[in-house]
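This report concerns only the one structure given below.
Per chain, numbering begins at 1; letters A, B, ... match sequence-line order. Only a predicted model underlies this, so the values are computations on that prediction, with no experimental measurement involved.
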Protein chains: 2
Amino acid sequence: MSKNQLIDYVQNFVSLEDDEAEQFVSAFEEVKVKKRQFIVQPNFTNRHRSFVVKGAFRSYAIANDGQEHTLQFAIENWWISDFNSYIYQHPATLFIVALEDSTILQIEYNTEQELKKANHKFETFFRIMAEKGLAFEHRRILFNLTHSAEARYESFLSNFPNFVQRVPQYALASYLGMTTEYLSRIRNNRTDKS
Amino acid sequence: MSKNQLIDYVQNFVSLEDDEAEQFVSAFEEVKVKKRQFIVQPNFTNRHRSFVVKGAFRSYAIANDGQEHTLQFAIENWWISDFNSYIYQHPATLFIVALEDSTILQIEYNTEQELKKANHKFETFFRIMAEKGLAFEHRRILFNLTHSAEARYESFLSNFPNFVQRVPQYALASYLGMTTEYLSRIRNNRTDKS
DNA sequence: TTTATTTCTTGAACTACTTCATATTTATTG
DNA sequence: CAATAAATATGAAGTAGTTCAAGAAATAAA
């Protein structure tokens, strides 16, 4: 059952008794999402935080010039939301779309608040999630500031080899801050060299 | 007394009884730091999280080509650390330096862990800090992906007018992902227009 | 209050990356 | 398994931002 997957995940960060684990996962609802289906759209408040059981997602914004810019990817055992929309419960600016047929576990904003209030361990869990997320984004910002387009791609390749096959090139390019044409050139030069 | 400033800050996010507030701030130590003094350096583990009572700081990395890249600024009522070093307690990659003579309140890593264990409210406080930090960095990444150098500078100006006067141009340029020469040109073209 | 050091400015040449246009390959659908 | 759409590739021209060098201005030190 998919909820065991979430329990296993949570147990990596806080150790829960059986009844606590049960209480935690029963706050989530399983949802199936088809490829190309949106779970978040601009102007609608993002009311849920989603844990990916199976499948892949991408969050992105559309800039004034019409170009898409990817903020996050998520595959199995990652979380996805428009985090600004979710935590402040104000309208989203991002799209979140399924890249594959997927299964997610969703928790609603108010339910999450109650969980955190009910049990110190749950509060700790969400604190650790946020801290790890923040540390990750610090590394990302710094890497983006300090490295060329090619180095950013190489780094993504070695850090997230399992994402690369499942993510369209144009989406990866926009995550890494370059055009899909330029990433195409990097990839082809690269394979030529080896 | 400077610890009241921290209490006021914390009360914005969680409401503490007098004895709780006292317990919280007594975990911190006041430290004076002179301009150009470092509080964090690469290879040494960042053992403290620092709350700026008065003054200004900058965290930055030095890339392979020798160039400095700024990750964060902090003035009064902001926090600063090499967050990756602090939460994982492994060696820092960043420098953190005082831009002015400053006063900070520092909490040691283990003391923070005990605080969070001791009181659910303290755990909530650090959870909220991390969530707000993460939401902030998401906005930053997206803005960097979607806007030109000039637009990034204009946005910083309007979002953080009080930082601009206190931060050297080369540091701001490296925060915004451009050279100091280019920022100089943006600034001068700008004043010409108006 | 001169001297040294750090920061900012400006010009000119350069380059990493983009844009646009079109062809090719790969995936999706009836 | 055609037919259509979506994603990737490639050339050629363009540009946003960099680099280097040298001078001017501001800040700190003596």
Fill in the blank from the handout: Taking D/dG17, D/dA9, C/dA12 as options, the one with an atom nearest any side-chain atom of A/Asn188 is D/dA9
Fill in the blank from the handout: Of the listed C/dT9, C/dC8, D/dA9, the closest approach to the B/Pro168 side chain comes from C/dC8
Practice task
Respond yes when some side-chain nitrogen or oxygen of B/Lys35 is under 4.0 Å from OP1 or OP2 of D/dT27, and no when none is.
Solution key: no
Problem - Short side-chain N/O contact from A/Gln67 to OP1 or OP2 of C/dT19, under 4.0 Å - result: yes
Exercise for the section: Confirm from the modelled atom types if B/Arg187 and C/dT7 form a donor-acceptor pair under 3.5 Å, side chain to base only. Expected result: no
Practice task
Look at A/Gln169 and D/dA6 and indicate whether a side-chain polar atom (N or O) is within less than 4.0 Å of OP1 or OP2.
Solution key: no
Exercise for the section: Give a yes/no on whether any side-chain N or O of A/Tyr182 is located under 4.0 angstrom from OP1 or OP2 of C/dT18. Expected result: no
Exercise for the section: Could you tell me whether A/Arg139 atom CZ has more than 12 heavy atoms of other residues or ligands within 6.0 Å of it? Expected result: yes
Practice task
Tell me what A/Tyr170 touches on the nucleic acid: a base, only sugar-phosphate, or nothing, going by heavy atoms under 4.0 Å.
Solution key: sugar-phosphate
Fill in the blank from the handout: Per nearest nucleotide of DNA chain D, the residue lying toward the 5' end, B/Arg36 or B/Ser148, is B/Ser148
Practice task
Flag the pair A/Phe73 / A/Tyr175 as yes when their ring centroid distance falls below 6.0 Å, and as no otherwise.
Solution key: yes
Handout entry: Pairs where residues 157-173 of chain B contributes a residue and the test salt bridge (Lys or Arg N to Asp or Glu O under 4.0 Å) is met, not counting sequence neighbours
Key = B/Glu76-B/Arg166, B/Glu100-B/Arg166
Exercise for the section: Kindly state whether the ring of B/Phe24 and the ring of B/Phe122 have centres lying under 6.0 angstrom apart. Expected result: yes
